[in-house]
J.: 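Encoded as structure tokens, here's the structure I'll be asking about.
Side chains included, hydrogens not; waters and symmetry mates left out as well; all remaining heavy atoms used.
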Amino acid sequence: MRVRFAPSPTGALHIGGARTALYNWLLARHAGGTLVLRIEDTDRERSTPENVEQILDALRWLELDYDEGPISQISRTERHQEVLEQLLAGGHAYRSNATADDVRAFKAEHGAQRGFRGAAEDTGAVRLRVPDDGATVVHDVIRGETTFQHTHLDDPVIARADGSVLYNFAVAVDDLDAGITHVVRGEDHLSNTPKQLLVLEALGAPQPIYAHLPLLHGPDGKKLSKRHGAASVQELREAGFLPEAVRNYLTLLGWGSDDDQTILSTAELIERFGLERVSRNPAQFDAQKLRWLNGRYLRELTVDDLTARLEEYTGRSGLRGAVEISREKVQTLADFWPLAGFIFDGPADDPAAREKWLGEEGRAVLADVRAALQDVEPFDMEPVQAALEGVVAAREVKPKAVFQPLRVALAGRAVSPGIFETLVVLGRDESLARIDRALEIPAT
RNA sequence: GCCGCUAUCGUCUAGGGGACUAGGACGCCGCCCUCUCACGGCGGAAACCGGGGUUCGAAUCCCCGUAGCGGUACCA
């Protein structure tokens, strides 16, 4: 099996493209086949080296490796010209100066469902000659057979007047030369497939096996964009998702295992993925579910691993203790700092929390807490907990009445990791200092 | 307009003529756990687009309609 991923470098790698890459990768790894990476850069206006680099970077982050390439389509210009001449010489293609207006006029005259046929000229763009009769049938693993009547097809332009080739021609030739056995790509290419098939047929070449994947949409059914949470791999990364969780989630968008299992490691995905079970309906990207899944993966990591990833993500170091007490409470790497940053940067400023918990009553409690913590020895979970529970018992109040004022004193907010854990991570000196500071600030 | 694809809970899906009073997951709601927020556990609400067929019997097969999406570029 030889598959390929062929993005065009006209922007960042979008989630839909990432899923296409992932499916091809899973297929190749499952079958012990070869994944070829080809950069479809025949649109020279929109293709940039920066975009190529971004795509490669996204694939690296997703940990999707390829076996051949990246091959630039532009680098194959010579070969394209050769094949073009071959088609021209064989009468399968012709030059024509017909414009889009000419095509429209033709249809106005012959009916909209009648495909455009041009007359051969000495100059102009190169059009592929579509037979007048018959049909081209696309055999698709996912969709079955789709028949395209030739009479409905326009003679497609396969090379511009300046000689540069167009997508539907280049893709057919490149897949052929690369020995691609399975073309797995988005459904938006289904309608173009007969054109590519016609090129192959004119060349007397065999057909690859096709599989057109359902498209991905945003929560509103529209094209995926940033306001849906993320549209590109880069945005996913910045949002603090783990590549392994993204692989799991993206695979599930359009495919389900036979037992409908949700959490599947990459090894399991490789083991179980197959084209037969790919869905035919478009799927909507659901950032909520990704978050949940990401949280599951996050909690599977060892503290050391998670710490390393968070230190890379935040650019800070010495995070281990804070990570250890926060991991139950975060779903993404991005959730960590808002929750635990106070440990390093000092208490947050939340007037509402202060007002609610550090009034007269709260401060009185805090004073007791301070006294109780002062002599705790050692300053570890158990003794600290015992000391605080002593305050609760002595004051005959609900635990919350003691813990919340303390929390606000330490974190500046009403939400934080567990209070005993937080105290221990901060240490006695820092904890007492923060309590003192809270007591100094006048009640509002 | 024309050509084509698709159609099960809000979302991702299981289902491939009787096993369906339609299963799972996210989300949502309730309860439990509980120092906040989470995590975890338990329970609940929630769907076969509409209409015709075929059949003893359709979520499952066929047709029509409708809707969504894609293509219709000298874009990819």
J.: Within the modelled atom types, does a donor on one side and an acceptor on the other bring the side chain of A/Asp188 and the base of B/rA76 under 3.5 Å apart?
T.: no
J.: Mind checking what makes ring pair (Phe, Tyr, Trp, His ring centres under 6.0 Å) contact with A/Tyr66, not counting sequence neighbours?
T.: none
J.: Return the residues of residues 248-258 of chain A meeting this criterion: a heavy atom under 4.0 Å from some atom of RNA chain B. Order them by number, or give none.
T.: A/Leu252, A/Leu253, A/Gly254
J.: Nearest to the A/Asp260 side chain among B/rG24, B/rC2, B/rC69, which nucleotide is it?
T.: B/rG24
J.: Please report, rounded to the nearest Å, how far the C1' atom of B/rC3 is from the NE2 atom of A/His189.
T.: 18 Å
J.: I'd like to check A/His150 versus A/Leu198 (side-chain heavy atoms, cut-off strictly below 4.5 Å). Are they in contact?
T.: yes
J.: Counting only Watson-Crick pairs (N1-N3 plus N6-O4 or O6-N4) and G-U wobbles (N1-O2, O6-N3), all under 3.5 Å, who is the partner of B/rA22?
T.: none
J.: Just to be sure I understand the geometry, which residues of residues 39-51 of chain A put a non-hydrogen atom under 4.0 Å away from RNA chain B?
T.: A/Glu40, A/Thr42, A/Asp43, A/Arg46
J.: Classify the side chain of A/Thr146 and the base of B/rG4 as holding, or not holding, a donor-acceptor pair under 3.5 Å.
T.: no
J.: Could you check whether A/Pro417 gets within reach of a base, just the sugar-phosphate, or nothing at all, counting any heavy atom under 4.0 Å?
T.: base
J.: Before accepting this row, confirm whether a basic side-chain N of the pair A/Arg4/A/Glu40 lies closer than 4.0 Å to the acidic partner's carboxylate O.
T.: no
J.: Quick check on contacts: within residues 390-414 of chain A, what sits under 4.0 Å from RNA chain B by heavy-atom distance?
T.: A/Pro399, A/Lys400, A/Phe403, A/Gln404, A/Arg407, A/Ala414
J.: For a quick check under 3.5 Å, do A/Thr302 and A/Asp305 share a side-chain donor-acceptor pair by atom type?
T.: no
J.: Would you mind pulling out the nucleotide paired to B/rU55, Watson-Crick or G-U wobble, both distances under 3.5 Å?
T.: none
J.: Mind checking ring pair (Phe, Tyr, Trp, His ring centres under 6.0 Å) for A/Tyr167 and listing every partner two or more places apart, or none if nothing turns up?
T.: A/His189
J.: Does any residue of residues 261-272 of chain A have a heavy atom under 4.0 Å from RNA chain B, and if so, which ones, in number order?
T.: A/Thr262
J.: What integer number of Å spans the P atoms of B/rU55 and B/rA47?
T.: 31 Å
J.: Please lay out, stage by stage, how A/Phe106 and A/His110 fare under the test ring pair (Phe, Tyr, Trp, His ring centres under 6.0 Å).
T.: CA-CA 6 Å; A/Phe106 180 94; A/His110 295 95; 4.2 Å; yes
J.: When both hydrogen-bonding distances must be under 3.5 Å and the geometry is Watson-Crick or G-U wobble, what is B/rU36 paired with, if anything?
T.: none
J.: Taking only N/O atoms, report every protein-nucleotides 39-44 of chain B pair under 3.5 Å with atom names and distance.
T.:
| from | atom 1 | to | atom 2 | distance (Å) |
| --- | --- | --- | --- | --- |
| B/rC39 | O4' | A/Glu328 | O | 3.4 |
| B/rC39 | O3' | A/Arg299 | NH1 | 3.3 |
| B/rC39 | O2' | A/Glu328 | OE1 | 3.1 |

J.: Is there a Watson-Crick or G-U wobble partner for B/rC42 with both distances under 3.5 Å, and which nucleotide is it?
T.: B/rG30
J.: Run through A/Phe285, A/Tyr297, A/Phe241 and flag the one making a ring-ring contact (aromatic ring centres under 6.0 Å, His included) with A/Tyr249.
T.: A/Phe285
J.: I want to confirm an ordering. Mapping A/Ala112 and A/Gln288 to their closest nucleotides on RNA chain B, which one lands closer to the 5' end?
T.: A/Ala112
J.: Give the intermediate values and the outcome of salt bridge (Lys or Arg N to Asp or Glu O under 4.0 Å) for residues A/Arg309 and A/Glu244.
T.: CA-CA 13 Å; A/Arg309 297 198 201 205; A/Glu244 54 267 52; 2.9 Å; yes
J.: Can you check the A/Gln149 CD to B/rC2 P distance for me, whole Å?
T.: 16 Å
J.: Taking the nucleotide of RNA chain B with the nearest heavy atom to each, does A/Ala161 or A/Glu145 sit closer to the 5' end?
T.: A/Glu145
J.: Could you verify whether a donor N or O on one side chain and an acceptor N or O on the other, from A/Arg320 and A/Thr307, lie under 3.5 Å apart?
T.: no
J.: Within residues 153-160 of chain A, find the residues that approach RNA chain B with a heavy atom at under 4.0 Å, and present them sorted by residue number.
T.: A/Asp154, A/Val157, A/Arg160
J.: Under a 3.5 Å limit for both distances, which nucleotide forms a Watson-Crick or G-U wobble pair with B/rG70, could you say?
T.: B/rC3
J.: Applying side-chain hydrogen bond (donor to acceptor under 3.5 Å, both in side chains), name anything that partners A/Gln374, two or more places apart in sequence or on another chain.
T.: A/Arg370
J.: Counting only side-chain heavy atoms from C-beta out, which of B/rC69, B/rA76, B/rU6 sits nearest to A/His217?
T.: B/rC69
J.: Please check if any side-chain donor atom of A/Ser72 sits under 3.5 Å from a side-chain acceptor atom of A/Asp41, or the reverse.
T.: yes
J.: Can you give me the N/O atom pairs linking the protein to nucleotides 8-10 of chain B at distances under 3.5 Å, or say none if there are none?
T.:
| from | atom 1 | to | atom 2 | distance (Å) |
| --- | --- | --- | --- | --- |
| B/rU8 | OP2 | A/Asn281 | ND2 | 3.2 |

J.: What residues, two or more places apart in sequence or in another chain, satisfy ring pair (Phe, Tyr, Trp, His ring centres under 6.0 Å) together with A/Trp292?
T.: none
J.: Compute whether any side-chain donor of one residue and acceptor of the other, for A/Asp101 and A/Thr99, lie under 3.5 angstrom apart.
T.: no
J.: Tell me every residue that passes salt bridge (Lys or Arg N to Asp or Glu O under 4.0 Å) with A/Arg76, counting only those two or more places apart in sequence or in another chain.
T.: A/Asp174, A/Asp177
J.: Please pick, from B/rC2, B/rA76, B/rG24, the nucleotide with the shortest atom-to-atom distance to any side-chain atom of A/Lys289.
T.: B/rG24
J.: Would you say A/Arg114 places a side-chain N or O within less than 4.0 Å of OP1 or OP2 belonging to B/rC2?
T.: no
